[in-house]
Protein chains: 2
Amino acid sequence: MNIYDIAELAGVSIATVSRVVNDSPKVSEKTKEKVRRIMEEHHYTPNVFARGLGLNSMKTVGIICPDVSDAYMASAVAHLEKSLRCYGYDCILYCSGYAYEDKVEAVSLILQKRIDALILVGSNYAGDGGDQATEYIRSAAREIPVFLLNGYVRAPEVYCILADNYQAVYDAVTDLIEDGRKRILFLHDSTSYSALEKLRGYEEALGDNGFPVPDELKVFVRNNIEMVQSRLQEIFREKMPDFDAVVASDDGLAVGAVKYVRSKNLRIPEDVSIIGYNNSELSICCEPELSSIDSRGKELCETAVEYMMHYLSGHPIRHKKVVPCRLVKRNTTNF
Amino acid sequence: MNIYDIAELAGVSIATVSRVVNDSPKVSEKTKEKVRRIMEEHHYTPNVFARGLGLNSMKTVGIICPDVSDAYMASAVAHLEKSLRCYGYDCILYCSGYAYEDKVEAVSLILQKRIDALILVGSNYAGDGGDQATEYIRSAAREIPVFLLNGYVRAPEVYCILADNYQAVYDAVTDLIEDGRKRILFLHDSTSYSALEKLRGYEEALGDNGFPVPDELKVFVRNNIEMVQSRLQEIFREKMPDFDAVVASDDGLAVGAVKYVRSKNLRIPEDVSIIGYNNSELSICCEPELSSIDSRGKELCETAVEYMMHYLSGHPIRHKKVVPCRLVKRNTTNF
DNA sequence: CTGAAAGCGCTAACAG
DNA sequence: CTGTTAGCGCTTTCAG
């Protein structure tokens with residue numbers, strides 16, 4: 001059943017049917033009514049390929065993330081998909097993995113699909129922002145608009161929607177200091193843009209409060225509960241851990257810290273105060289429940305899609321938009 | 001840059017270029033080489049819309065799941081995407097939500113995209129298998145092959161790939177009984193096909209071992225850690241909980257049970273043995289770590305995609321394929 | 001307000 | 001092995 005069939009049945013030309021499908025204002029209500037009825041009756045649906053060919057668009061946006069099975073990204077993809085659908089856009093999903101070559105490959109492949117826009121989820125794509133490492137993003141942006149969710153690359157046609165991770169960590173660390181903590185451990189697992197921002201928040205908060213920033217308190221470790229435990233075990237050996245607070249760049253890391261601290265029979269938060277990141281399910285699963293910085297995934301996603309729609313309808317938009325985070329207090333902090 | 005440009009530059013006809021693009025065997029290596037070089041040089045990529053129009057396929061499969069932000073589904077989507085990509089297929093993702101009307105709508109919308117096949121993730125789509133409730137699936141299957149991941153609907157062109165949830169629960173309960181447990185609580189949160197299978201495994205294992213199946217030990221509760229705690233609190237009030245084991249149909253439920261049991265100062269697993277489901281991150285996050293039934297999401301997904309490819313290349317396939325589960329023992333059981 | 005006709009870029013049947 | 005040509009189903013001028 002195609003447009004010709006409908007045209008014939010309705011006794012009009014295919015042009016008219018096309019206009020009806022696209023709800024063009026220059027068709028009389030009467031004709032519209034008639035054509036629509038026929039379409040309904042015959043369950044006609046326009047062929048998206050043909051339409052795509054003509055319009056050079058299928059109202060589809062590409063979403064690339066390193067790994068949807070990661071809770072944070074899964075949630076982001078869910079929010080993005082939902083928002084996009086509200087505007088009538090479909091999503092094609094590509095999980096690229098974390099390796100540089102794979103990311104480049106992912107972008108290159110997805111561009112061939114002639115998507116209307118591309119969203120890169122997570123700051124892994126921006127890397128540390130080095131020009132070389134982000135050339136593939138700039139290059140993609142020469143073909144279609146690219147939106148970075150929680151990443152930052154300064155280039156034409158790339159639009160960045162970011163959580164204010166710097167400020168969030170800065171504030172958290174400051175709160176801890178005001179609470180009397182002297183030795184604040186920072187757990188991180190990445191050198192992505194947002195990871196670096198978090199680190200900067202940690203360092204500057206310490207500095208601004210007159211504290212040194214000792215290297216041994218910044219521990220870089222894979223985001224895996226057991227790994228964190230054994231890493232801390234290894235660092236502090238037999239001697240008692242000499243930190244009284246932990247700020248982690250992800251809840252998984254924080255849970256590892258919780259487990260380690262408890263295994264040393266220290267009290268949380270009395271002896272050590274712990275703050276996680278992302279306010280994920282993990283944060284209410286462990287014992288005691290984690291305080292956690294909520295990076296506002298939902299707002300970020302909705303903002304990104306709104307921006308995109310604005311852009312796609314021909315309006316100019318800013319290159320960077322920052323959304324504030326929010327600390328969710330639970331049982332691992334006492335302020 | 002289209003096929004005509006390339007043809008002209010290479011001094012051949014568009015048919016030849018097309019053949020080269022599709023790696024047809026009936027082009028001389030020499031010509032192929034020449035055309036390929038030109039294509040490379042000019043960064044030519046075939047227009048997928050035009051190709052789609054001609055072939056009536058864009059090598060794309062639709063994936064619908066109620067909610068990708070759910071850990072189990074996220075992981076499934078990740079595995080599916082990866083496997084599909086290996087075969088050169090793209091994924092368009094649709095999160096339908098759990099409501100019946102929304103699921104019907106999702107299927108109907110995604111069919112309009114002329115996907116090559118449809119995958120429905122999770123047994124929510126099969127519902128309790130009632131004919132009425134699954135008509136939309138049968139109907140979709142009349143247009144394209146439909147694959148149910150962990151759901152079951154008996155109908156032509158719908159193919160079901162299932163974890164053996166019945167057996168898994170049956171075995172777990174039997175193990176608990178052999179360990180001397182007398183009052184085994186069953187926590188569930190759904191009436192989907194697989195949920196029902198789990199329940200059946202529980203009931204039959206009890207029955208086959210000469211135990212009664214008391215209604216008060218089957219508790220149906222929303223999958224939310226706090227909800228489970230307060231629900232159990234409400235059921236057992238001031239009196240001591242009188243169960244000595246728990247089998248949950250999801251790790252989230254099991255974590256709720258762990259928290260409840262610990263709040264009553266009972267020992268795990270000595271006083272109560274607890275088994276979760278899905279072997280998710282939650283299971284190693286709580287204290288003590290959960291034993292959990294691994295429903296083999298990865299194998300399920302890979303099997304599904306293999307099946308699909310087999311089908312798409314014209315071979316007949318079976319309507320149902322069952323993958324066994326596996327109990328991962330950790331600290332909440334002592335057998 | 002409506003219709004005729006020219007593409008959009010590619011595939012595949014047919015002819016050589 | 002290669003070229004010609006007729007669609008695929010829709011959008012969009014351009015005329016009327």
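Below, chains carry the letters A, B, ... as their sequence lines are ordered, and counting in each starts from 1.
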Quick one: A:K30 NZ to C:dC1 P, roughly how many Å, whole number?
13 Å
Can a salt bridge be assigned to the pair B:R37 and B:E33 using a cut-off of 4.0 Å between side-chain N and carboxylate O?
no
Given the structure, check if the side chain of A:R19 and the base of C:dG3 hold any donor-acceptor pair shorter than 3.5 Å.
yes
Check the distance between C:dA4's P and A:I14's CD1 and give it to me in whole angstrom.
9 Å
Heavy atoms under 4.0 Å, any strand shown: does B:N22 hit a base, just sugar-phosphate, or nothing?
sugar-phosphate
Let me spell it out: for each of A:K26 and A:I3, pick the nucleotide of DNA chain D with the closest heavy atom. Which residue's pick is nearer the 5' end?
A:I3
Please pick, from D:dT11, C:dC1, C:dA12, the nucleotide with the shortest atom-to-atom distance to any side-chain atom of B:L55.
C:dA12
Is A:N2 near enough to D:dG9 that one of its side-chain N or O atoms lies under 4.0 angstrom from OP1 or OP2?
yes
Quick check on C:dC10: is either OP1 or OP2 less than 4.0 Å from any side-chain nitrogen or oxygen of B:Y44?
yes
At less than 4.0 Å, is any side-chain N or O atom of B:S18 found next to OP1 or OP2 of C:dA12? Yes or no.
no
When the nearest nucleotide of DNA chain D is assigned to B:P25 and to B:G54 on a heavy-atom basis, which residue is associated with the more 5' position?
B:P25
How many Å lie between CZ on B:F49 and P on C:dG9, as a whole number?
12 Å
Phosphate OP1/OP2 of C:dG3 contacted by A:T16 side-chain N/O (<4.0 Å)
yes
Quick one: B:D5 CG to C:dG9 P, roughly how many Å, whole number?
9 Å
Base, sugar-phosphate, or nothing for A:V12, non-hydrogen atoms under 4.0 angstrom?
sugar-phosphate
Please check the phosphate of D:dT2 (OP1 and OP2 only) for any side-chain N or O of B:S13 closer than 4.0 Å.
no
From NZ of B:K32 over to P of D:dT2, roughly how many Å is that when rounded to an integer?
10 Å
To the nearest Å, give me how far apart CE (A:M58) and P (D:dT11) are.
13 Å
Does the distance from a Lys or Arg side-chain N to an Asp or Glu carboxylate O, for A:D90 and A:R85, drop under 4.0 Å?
yes
With heavy atoms under 4.0 Å as the rule, sort B:V17 into base, sugar-phosphate or nothing.
nothing
Can you check whether B:S28 has a side-chain N or O nearer than 4.0 Å to OP1 or OP2 of D:dT2?
yes
Ignoring hydrogens and geometry beyond distance, is the side chain of A:Y4 in donor-acceptor contact with the base of D:dC10 at under 3.5 Å?
yes
Can a donor-acceptor pair be found, under 3.5 Å and without considering hydrogens, that links the side chain of B:S28 to the backbone of B:T31?
yes
Does a salt bridge link A:R142 with A:E135, judged by any charged N lying under 4.0 Å from a carboxylate O?
yes
Salt-bridge present (B:E302, B:K298; N to O < 4.0 Å):
yes
Can you measure A:L53 atom CG to D:dG9 atom P for me and round it to whole angstrom units?
12 Å
Among C:dT11, D:dG9, C:dC10, which is the nearest nucleotide to the side chain of A:N47?
D:dG9
I would like to know whether A:H319 and A:V158 meet side-chain contact (heavy atoms from CB on, under 4.5 Å); could you show each step before the answer?
CA-CA 7 Å; A:H319 279 272; A:V158 358; 5.9 Å; no
Rounded to whole Å, please give me the gap between CD in B:E29 and P in D:dC1.
9 Å
